[in-house]
Enquirer: 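One structure is given below, represented as structure tokens, and several questions about it will come after.
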Amino acid sequence: MGCFHSKHLRQIPGYEDPTILASETPFTVSEVEALYELFKKISSSIIDDGLIHKEEFQLALFRNRNRRNLFADRIFDLFDYKRNGVIEFGEFVRSLGVFHPNAPTADKVTFAFRLYDLRHTGYIEREELYEMVLALLNESDLALSDDVVEMIVDKTFSDADTKGDGRIDLDEWKEFVSKNPSLIKNMTLPYLKDITLAFPSFVLNTEVED
Amino acid sequence: ATPVTMNAFELISKSQGLNLSSLFEK
């Protein structure tokens, strides 16, 4: 029975061996198998092709396939590191690994930096920060005048851009996060520690034992 | 905090798009 499932799974595009994924991430083999259950659920919600399309990601996040959101787009793009427009299983597990409570803080800090570096310049530019604050205001009930938004961005930049060159580089970002650790709070998902309870995997457990 | 003393990154980290916990809701 295990062999049958094993052969079947290898034919799924983007499927990767849980033991390899577990060796490269903070997850155990059982947790990777549980993540596969979650992955299957999300990746079959609209198009059942074993890949997570952006609409499926939006549906899983917002319960609405058409809800666009700048930050969800950025997360999707970072998960899709092959940049082929879909999230494969290996990409899903490796990316979520950063959000594991036991993942190195340095990985979380770097991931957040890449997330906010909207134009992939290697810096968080003032314009990008302004754009992100506007995007946040757009999705919330918080109404702030343009002047106030400018002041918030200016104040944050004066605190974070210690070299004063009008942009935040990775070193400045690391220093800024070390002074404001709450900034990467959303880079940790406690759920990932209980993933085997939330998504028990019965089929794959017959294949591999921890 | 008054708006001008808010940290812009603190503000944007509250975005629903960055809250991946909803992926795990059944």
Side-chain angles (χ1 to χ4, degrees), chain A residues 38 41-42 57-58 60-63 67-76 95-96 99 112 115-116 124 129-130 132-133 135-137 139-140 142 144-145 147-157 159-160 168 173 176-177 180 182-187 189-192 194-195 198-199, chain B:
Chain A
L38 171 63
K41 180 178 160 237
I42 298 172
F57 191 69
Q58 289 164 185
L61 269 186
F62 305 124
R63 305 286 175 265
R67 176 153 169 213
R68 298 300 302 271
N69 176 290
L70 173 70
F71 302 101
D73 277 358
R74 289 295 300 138
I75 292 272
F76 186 92
S95 301
L96 277 181
F99 291 80
L115 191 63
Y116 298 147
I124 302 172
L129 187 56
Y130 188 79
M132 290 187 281
V133 172
L136 183 277
L137 294 177
E139 67 172 275
S140 71
L142 198 59
L144 299 176
S145 69
D147 285 353
V148 172
V149 174
E150 291 277 0
M151 279 190 271
I152 292 170
V153 171
D154 284 347
K155 169 76 170 58
T156 304
F157 246 81
D159 292 342
I168 299 165
W173 173 249
F176 191 57
V177 174
N180 303 275
S182 62
L183 295 186
I184 55 159
K185 203 176 160 201
N186 57 358
M187 291 290 126
L189 292 167
Y191 294 82
L192 290 173
D194 301 321
I195 193 77
F199 295 92
Chain B
T2 59
V4 286
T5 61
M6 281 179 187
N7 180 326
F9 289 108
E10 190 82 58
L11 202 58
I12 61 184
S13 71
K14 311 281 187 227
S15 170
Q16 250 191 294
L18 296 178
N19 181 10
L20 297 191
S21 58
S22 49
L23 291 179
F24 304 92
E25 287 165 14
K26 292 194 173 183

Enquirer: For the OG atom of B:S15 and the CE atom of A:M132, what is their distance to the nearest 0.5 Å?
Expert: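 Going from the OG atom of B:S15 to the CE atom of A:M132 covers 11.0 Å.
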Enquirer: Any idea which of A:A112, A:A60, A:A160, A:S140 has the most non-hydrogen atom pairs under 4.5 angstrom with chain B?
Expert: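 Looking at each of A:A112, A:A60, A:A160, A:S140 in turn, A:A60 comes out on top.
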Enquirer: Please determine, among A:Q58, A:R67, A:E150, the option with the most heavy-atom pairs under 4.5 Å with chain B.
Expert: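 Heavy-atom pair counts peak at A:R67.
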Enquirer: Can you spot which of A:N180, A:T156, A:V177, A:D159 makes a side-chain contact (heavy atoms from CB on, under 4.5 Å) with B:F9?
Expert: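 One option only clears the test, and that one is A:T156.
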Enquirer: Residues two or more places apart in sequence or in another chain: which of them pass salt bridge (charged side-chain N to carboxylate O under 4.0 Å, His left out) with B:K14?
Expert: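 Expected list: B:E10.
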Enquirer: To the nearest 0.5 Å, tell me how far A:L70 CG sits from B:L18 CG.
Expert: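 Answer for the CG-CG pair, A:L70 versus B:L18, is 8.5 Å.
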Enquirer: Got a second to check how far A:F71's CZ is from B:L20's CG, nearest 0.5 Å?
Expert: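 So the gap between those two atoms works out to 13.0 Å.
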Enquirer: Heavy-atom pairs under 4.5 Å with chain B - which of A:L129, A:V153, A:I75, A:L142 has more of them than the others?
Expert: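 Most heavy-atom pairs within the cutoff with chain B belong to A:L129.
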Enquirer: Identify which of A:L61, A:D154, A:L115, A:V133 forms the greatest number of heavy-atom pairs closer than 4.5 Å to chain B.
Expert: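 Of A:L61, A:D154, A:L115, A:V133, A:L61 has the most heavy-atom pairs under 4.5 Å with chain B.
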Enquirer: Check whether any side-chain N or O of B:Q16 sits under 3.5 Å from a backbone N or O of A:E139 as a donor-acceptor pair, and report yes or no.
Expert: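 Not a single qualifying donor-acceptor pair exists.
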Enquirer: Go through the atoms of A:Y116 and report whether side chain, backbone, both or neither lie under 4.5 Å from a heavy atom of chain B.
Expert: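 Side chain only.
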Enquirer: If we only count heavy atoms from C-beta on, is the A:F176 to B:N7 side-chain gap below 4.5 Å?
Expert: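 The answer is yes, as the side chains (C-beta and beyond) meet within the 4.5 Å cut-off.
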Enquirer: Please state whether the side chain, the backbone, both or neither of A:L192 comes within less than 4.5 Å of a heavy atom of chain B.
Expert: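 Only the side chain of A:L192 comes within 4.5 Å of chain B.
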Enquirer: Just so I know, are the side chains of A:F99 and B:L23 near enough to count as touching, which here means a heavy-atom distance under 4.5 Å?
Expert: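 Side-chain contact under 4.5 Å: no.
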Enquirer: Roughly how far apart are A:K185 NZ and B:S13 OG, rounded to 0.5 Å?
Expert: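 Result: 9.0 Å between the selected atoms.
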Enquirer: Measure the CG-CG distance between B:L11 and A:L144 for me, rounded to the nearest 0.5 Å.
Expert: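 One gets 7.0 Å once the value is rounded to the nearest 0.5 Å.
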